[in-house]
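Report on the structure given below.
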Amino acid sequence: MFKFLSKKYAKKHKKQEIIPLKTQLEKLEEVGIRINPDIDSNHLFNVFDKEEYEEDSYGSLLIALGCEVETSKDSGKPISKNIWYLDTECIEDTGDYVRVMEKIACLAHDNLPLSNIHDYIDMDKNEAWIAFNLGEETYKWNLEFNDDWLDVRIFTMVNKLLLSKDSTSQFVISVLDQSILVAFLENYKIDDLNKISKYIFEIV
């Protein structure tokens, strides 16, 4: 599934030190990953407890920040708008790539003001594509069909598009298992994240 991805994505094998949760949040905010201002930080404890965050420094926190929680007003509210914890076994029918692309656009904020997003998935013909408008331009990308697995090359395609628009931010990925962490960061912040993170993030 991830043959084209670097082995650098694997976990760093280093002794974990205990780092206070508050410190981890502050350090991640410095690199551009922060709690959604519409979310109470206590929602983090719906995912892991404080001990788990501090014993698994940055690892558990990055995963939790990439999750969604239910609030009194919304269901499926992202804990952070800068990172996404994604199960790549998520493609079952037409509309699934639309949801992926909508999430990508949300992570990129004003860098990807997409419209008219639509897709096509045909399990019988082993075909999949995504199409959208960006400004006055229309794009259509053919995607690799692999049962219900996401074609993660979509992030490479998006990064190429961002570069063509002179963006100074890109998507980076860390592969955990069948799930991945996806973050949208300024280029000069990527190394800063990797210096503190349990996981290695790379541009795809």
Side-chain angles (χ1 to χ4, degrees), residues 1-2 5 9 28 31-39 43-44 46-47 61-71 73-121 128-135 138-163 165 167 169-186 189-190 193 199 201-204:
M1 178 62 188
F2 301 112
L5 296 171
Y9 284 115
L28 287 177
V31 302
I33 298 174
R34 56 186 60 85
I35 291 180
N36 183 345
D38 299 327
I39 289 285
H43 280 297
L44 287 171
N46 293 339
V47 187
L61 182 54
L62 285 166
I63 288 172
L65 288 169
C67 292
E68 295 182 343
V69 294
E70 291 189 8
T71 68
K73 296 181 179 180
D74 300 280
S75 61
K77 193 103 173 171
I79 297 179
S80 172
K81 295 181 179 180
N82 313 110
I83 192 166
W84 183 18
Y85 181 52
L86 169 64
D87 183 345
T88 57
E89 193 176 7
C90 61
I91 304 300
E92 296 181 354
D93 205 350
T94 296
D96 287 337
Y97 272 111
V98 170
R99 284 184 281 275
V100 169
M101 205 65 186
E102 287 174 342
K103 180 67 174 183
I104 287 172
C106 287
L107 287 168
H109 304 289
D110 295 335
N111 291 274
L112 279 178
L114 306 183
S115 62
N116 192 28
I117 305 172
H118 53 288
D119 66 0
Y120 175 79
I121 299 168
W129 51 259
I130 182 82
F132 56 89
N133 292 343
L134 178 58
T138 299
Y139 297 85
K140 180 181 177 182
W141 296 338
N142 291 318
L143 301 165
E144 181 179 346
F145 182 87
N146 188 12
D147 294 324
D148 49 2
W149 294 96
L150 173 74
D151 183 355
V152 294
R153 296 177 309 156
I154 194 169
F155 296 104
T156 303
M157 297 174 186
V158 170
N159 276 340
K160 288 180 179 178
L161 178 57
L162 286 165
L163 286 172
K165 303 299 180 182
S167 172
S169 300
Q170 294 188 73
F171 283 93
V172 291
I173 288 178
S174 183
V175 176
L176 310 188
D177 37 51
Q178 75 174 45
S179 296
I180 59 177
L181 284 167
V182 182
F184 185 71
L185 300 175
E186 293 180 87
K189 294 289 189 180
I190 298 170
L193 173 59
Y199 303 110
F201 287 81
E202 287 190 347
I203 298 170
V204 290

To the nearest 0.5 Å, what is the distance between [atom1] on [X] and [atom2] on [Y]?
X    : Y    : atom1 : atom2 : answer
T156 : L161 : OG1   : CG    : 12.5 Å
Y85  : S174 : OH    : OG    : 11.0 Å
L112 : C106 : CG    : SG    : 10.5 Å
K77  : N36  : NZ    : CG    : 6.0 Å
I130 : H118 : CD1   : NE2   : 8.0 Å
L62  : C67  : CG    : SG    : 11.0 Å

Item to check | Residues V204, V152; criterion side-chain contact (heavy atoms from CB on, under 4.5 Å); working and verdict | outcome: CA-CA 9 Å; V204 290; V152 294; over 6 Å; no
Please name the pair of heavy atoms, one in [X] and one in [Y], separated by the smallest distance, quoted to 0.1 Å.
X    : Y    : value
D148 : E92  : CB-CG, 4.4 Å
I33  : S80  : CG2-OG, 4.1 Å
M101 : V158 : CE-CG2, 3.8 Å
Q178 : D87  : NE2-OD1, 2.8 Å
C90  : L150 : SG-CB, 4.0 Å
K189 : V31  : CB-O, 3.6 Å

Any [X] side-chain heavy atom under 4.5 Å of [Y] side chain:
X   : Y    : answer
L28 : L193 : yes
H43 : I35  : no
W84 : V100 : yes
L61 : I63  : no

Checklist entry - Run the side-chain contact (heavy atoms from CB on, under 4.5 Å) check on L162 and N159 step by step: do they pass? => result CA-CA 5 Å; L162 286 165; N159 276 340; 3.8 Å; yes
Given 3.5 Å as the limit, does a donor-acceptor pair link the side chain of [X] with the main chain of [Y], or not?
X    : Y    : answer
D177 : S179 : yes
D119 : G95  : yes
N116 : N133 : no
N142 : W129 : no

Checklist entry - With F155, which of V172, I203, V182 fulfils side chain to side chain contact (heavy atoms under 4.5 Å, CB included)? => result V182
Checklist entry - K81 pairs by side chain to side chain contact (heavy atoms under 4.5 Å, CB included) with which of I39, L107, D38? => result D38
Next on the checklist: Under the side chain to side chain donor-acceptor pair (under 3.5 Å) definition, can you give me all pairs with a residue in residues 93-109, not counting sequence neighbours?
Outcome noted: D96-R99
Checklist entry - Would you call the rings of F171 and F184 parallel, tilted or perpendicular, where under 30° means parallel and over 60° means perpendicular? => result tilted
Item to check | NZ/K160: more than 12 non-hydrogen atoms of other groups inside 6.0 Å | outcome: no
Next on the checklist: If you apply the rule side-chain contact (heavy atoms from CB on, under 4.5 Å), what do you find for W149 with I91, and how did you get there?
Outcome noted: CA-CA 6 Å; W149 294 96; I91 304 300; over 6 Å; no
Checklist entry - Can I79 and L65 be said to form a side-chain contact (heavy atoms from CB on, under 4.5 Å), step by step? => result CA-CA 5 Å; I79 297 179; L65 288 169; 3.9 Å; yes
